[in-house]
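Inspection log for the structure reproduced underneath, given as structure tokens.
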Number of protein chains: 2
Amino acid sequence: MTAPGEAARRKPARRPTIKDIARRAGVSESAVSFALNDRPGVSQDTRARVRRVAEELGWQANSAARALSGERAGAMGLVLARPAQTLGVESFFLQLVSGIQEVLSARQIALLLQVVEDLDTECALYRRWWAERRVDGVLVVDPRTDDPRPELLAALGLPAVVVGGPAAPGPDPAEPSAGEPSATEPATAEPSATEPAATPPHPLLSTVWADDAKAMARILDHLYGLGHRRIVHIAGLPGLAHTARRIQSLRTEADRRGLDRRQVHSVTTDYSDAEGAEATRRLLDAARPPTAIVYDNDVMAVAGASVAAERGIPVPGALSIVAWDDSALCRVTHPRLTALVRDTPGFGRLAAQELLAVLDGGPLRTVQGELPHLEARESTAMPPPG
Amino acid sequence: MTAPGEAARRKPARRPTIKDIARRAGVSESAVSFALNDRPGVSQDTRARVRRVAEELGWQANSAARALSGERAGAMGLVLARPAQTLGVESFFLQLVSGIQEVLSARQIALLLQVVEDLDTECALYRRWWAERRVDGVLVVDPRTDDPRPELLAALGLPAVVVGGPAAPGPDPAEPSAGEPSATEPATAEPSATEPAATPPHPLLSTVWADDAKAMARILDHLYGLGHRRIVHIAGLPGLAHTARRIQSLRTEADRRGLDRRQVHSVTTDYSDAEGAEATRRLLDAARPPTAIVYDNDVMAVAGASVAAERGIPVPGALSIVAWDDSALCRVTHPRLTALVRDTPGFGRLAAQELLAVLDGGPLRTVQGELPHLEARESTAMPPPG
DNA sequence: TTGTAAGCGTTATCAA
DNA sequence: TTGATAACGCTTACAA
């Protein structure tokens, strides 16, 4: 054993190449390549021998060489365009990433993760990745209502899957827009009966999404069933596609039940605890405050509950609270929060699978994730009389 | 504009190569390479022309080709060995990653992030990355008290930096050296099994860490100053290096103040809200329950506060609570939690810088991050009389 | 069933 | 100051 300091510094052991294997197995390099890649053209005997030698030497294909010779880069990219402060608050991303990798790593595909400040930087990064041939495809998260990324990626020919729903706004009753011809094959997404035919979520890229409309309907079923008639939705960033979809769904659900749109509506925030609390304060100060509030993430929900506590407003006695997205937070507060539970790692797995399908030349399509369910806990109950 | 469906599928535009540039600028490929890499050997005139053409064509070096021709892979790796469920709860990692990338992306270096189940898989992954030449270096997080990774990485010759502190127990208080932002050169120091205290933090790899001992001292200063004499530390995973350091520091600080070790001690958990709550319950059930509890993360602290609330134990009236690591959680609960605030993105930046330094042949050393400060909020106060 | 050789896009080593 | 030319490790026609 050499001295530790030296060990860290000594020349890395030479990595074995197929040439080494060829020499040692007494065959040509191409035979080795064929044998190792499960291609026909080598005898079972040779194949076995080559395999054994490769194993002995601990050979792994040099990813650069493989990528260079026209093969794939063996990596996918994921860009997070969020200001650094808002990163930590949500458990969503790491769970998503963990699901994505469960699928990718099974195929020996790496994931490049990059955190950037804004959408322009994100687009620039896609261009660079494409030019550098660094990734075989990307997963686009946080789709916006007006999103430049799908067009860019389609133009570059960089395979991509939109994660988290159609970038285009959800079906709007005002816009009968079923006319667009496209190669889209909605896998499961069948627009609900009361609405006109939906625009294919995104004509340019395959999409994996959750049905926010149905989820919102579930939440409203729960609250309406309890007797709530004044329900406010404290949403997240206004530019995000799923925010738009949720807001739209709330309207639809309110109309369906004949609820007053002034008493059932949405307000947008930046997802932070600060804005969540602020919005809650404003609502509670109103002449006729809501009896139930639906928050678009867990942090805001907890912040809202805290505001209620400050003012001595009992939850759920005088105010019911629902969190869209569950996490440890919802379970540690007092009372524990009723939450919309999603299988986020599962969603990540689905997205990764779809990306692989696109790479394999699969059709452009829209896939829906598992419908989330509402976990009723202690923060929702019947509204106070009146 | 072609039909959308087609756009997504059409052959990617060909990426420009230096050959294209050479042809267009009327020079040789090697001249282009020299010009683009700021190497001497081309006239100012040629250099400028080449640059301009490259710009026009939107050329970016093909990362695979560059890596293959002996250069670096242009990527660093970060492996997270944690069960999927415990991933989301902490805001720590995404913030760390965001700091790391601030430094890496300035140098056009990508970050490979991989989430795995256990340490064995992590080690296997390092081997693969090394064999594939996929990364130029790695950042090792969650160092353990008995950690196989540094030895493996040193043996592979894969540059690495340990993030989050020495894997060995921290330097004993007898040695006042640990204070300064020091850079030790342990290359010559042979670790001796008989004197663990004198062991340099890590003889094999450069290390970036936070001074948990001083941080714990600050927390104890605060609590002791308020009058607390029964203080329990609900720590995280027992195998982690920083857990060991914190436990050790608590002992040291208790001894220094002549406190009873039975009344000032640590218990370990898995960081989950469930175990945090459970440990809290057990403590509060004791004959002489603690008057203050220090939690090793924010989630457990909130869970603990919730347990106190359940039992009608006023915080901070009858129980003071401190969270090690701040987050939105600590600010949205009621009362807001006193927390140890660290600059996590800054820590990530430091780690990335150190890794770059190691790659540039810098010395093996130990760097200390900024000392965290205690943000006193509403969850700590004087203990009840008696 | 095998081996030879060309090519992927760079960088690096030579002569010119 | 230049321009051929040979690596780098792998895949893949094309020949044998």
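Letters A, B, ... mirror the listed sequences (proteins, then strands); counts begin at 1.
Between A:R39 and the phosphate of D:dT12, there is a side-chain N or O to OP1/OP2 separation shorter than 4.0 Å. Put simply, A:S33 has a side-chain N or O that comes within less than 4.0 Å of OP1 or OP2 on D:dT11.
Sorted by first and then second residue, the salt bridge (charged side-chain N to carboxylate O under 4.0 Å, His left out) pairs involving residues 31-44 of chain B (not counting sequence neighbours) are B:D38-B:R51.
Rounding to the nearest 0.5 Å gives a distance of 7.5 Å between CZ of B:F93 and CG of B:L78. With values rounded to the nearest 0.5 angstrom, B:E56 atom CD is found 10.0 Å from B:I21 atom CD1. Note: A:E29 CD to A:I18 CD1 = 5.0 Å, rounded to the nearest 0.5 Å. Interatomic distance, B:L80 CG to A:L94 CG, rounded to the nearest 0.5 Å: 6.5 Å. From B:L205, atom CG reaches atom CD of B:E354 across 11.0 Å, with rounding to the nearest 0.5 Å.
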Got a list of side-chain donor-acceptor pairs under 3.5 Å for residues 103-114 of chain A, not counting sequence neighbours?
residue: A:S105; atom: OG; partner: A:Q101; partner atom: O; Å: 2.8
residue: A:Q108; atom: OE1; partner: B:R128; partner atom: NE; Å: 2.7
residue: A:Q108; atom: OE1; partner: B:R128; partner atom: NH1; Å: 2.5
residue: A:Q108; atom: OE1; partner: B:R128; partner atom: NH2; Å: 3.3

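With hydrogens and angles ignored, the 3.5 Å screen pairs a side-chain donor or acceptor of A:D136 with a backbone N or O of A:A73. Under the 3.5 Å distance criterion, the side-chain polar atoms of B:D147 are matched with a main-chain donor or acceptor of B:R144.
Heavy atoms of B:S43 sit under 4.0 angstrom from primed sugar atoms or phosphate atoms, though from no base atom.
Protein chain A touches strand DNA chain C; the 5'-most and 3'-most nucleotides with an atom under 4.0 angstrom of its non-hydrogen atoms are C:dT1 to C:dG9.
Listed in residue order, the members of residues 17-31 of chain B having a heavy atom less than 4.0 Å from DNA chain C are B:T17, B:I18, B:E29, B:S30. If you check residues 56-64 of chain B against DNA chain C, the residues with a heavy atom closer than 4.0 Å are B:W59, B:Q60, B:A61, B:N62, listed by number.
Separating the CZ atom of B:R134 from the P atom of D:dC10 is a distance of 13 Å, rounded to the nearest angstrom.
Closest of all the heavy-atom pairs between A:R66 and A:W59 is NH2-CH2, 4.4 Å.
Residues B:T46 and B:S43 bring a donor and an acceptor atom of their side chains to less than 3.5 Å of each other.
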Which atom pairs link the protein and nucleotides 14-16 of chain D when you take only N or O atoms and keep those under 3.5 Å?
none

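For the pair A:N37 and B:L68, nearest-nucleotide mapping onto DNA chain D gives the more 5' position to B:L68.
Using a cut-off of 4.0 Å between Lys/Arg side-chain N and Asp/Glu carboxylate O, A:E132 and B:R15 are scored as not salt-bridged. Ionic pairing of A:D20 and A:R24 is not present here: no N-O contact between side-chain nitrogen and carboxylate oxygen is shorter than 4.0 angstrom.
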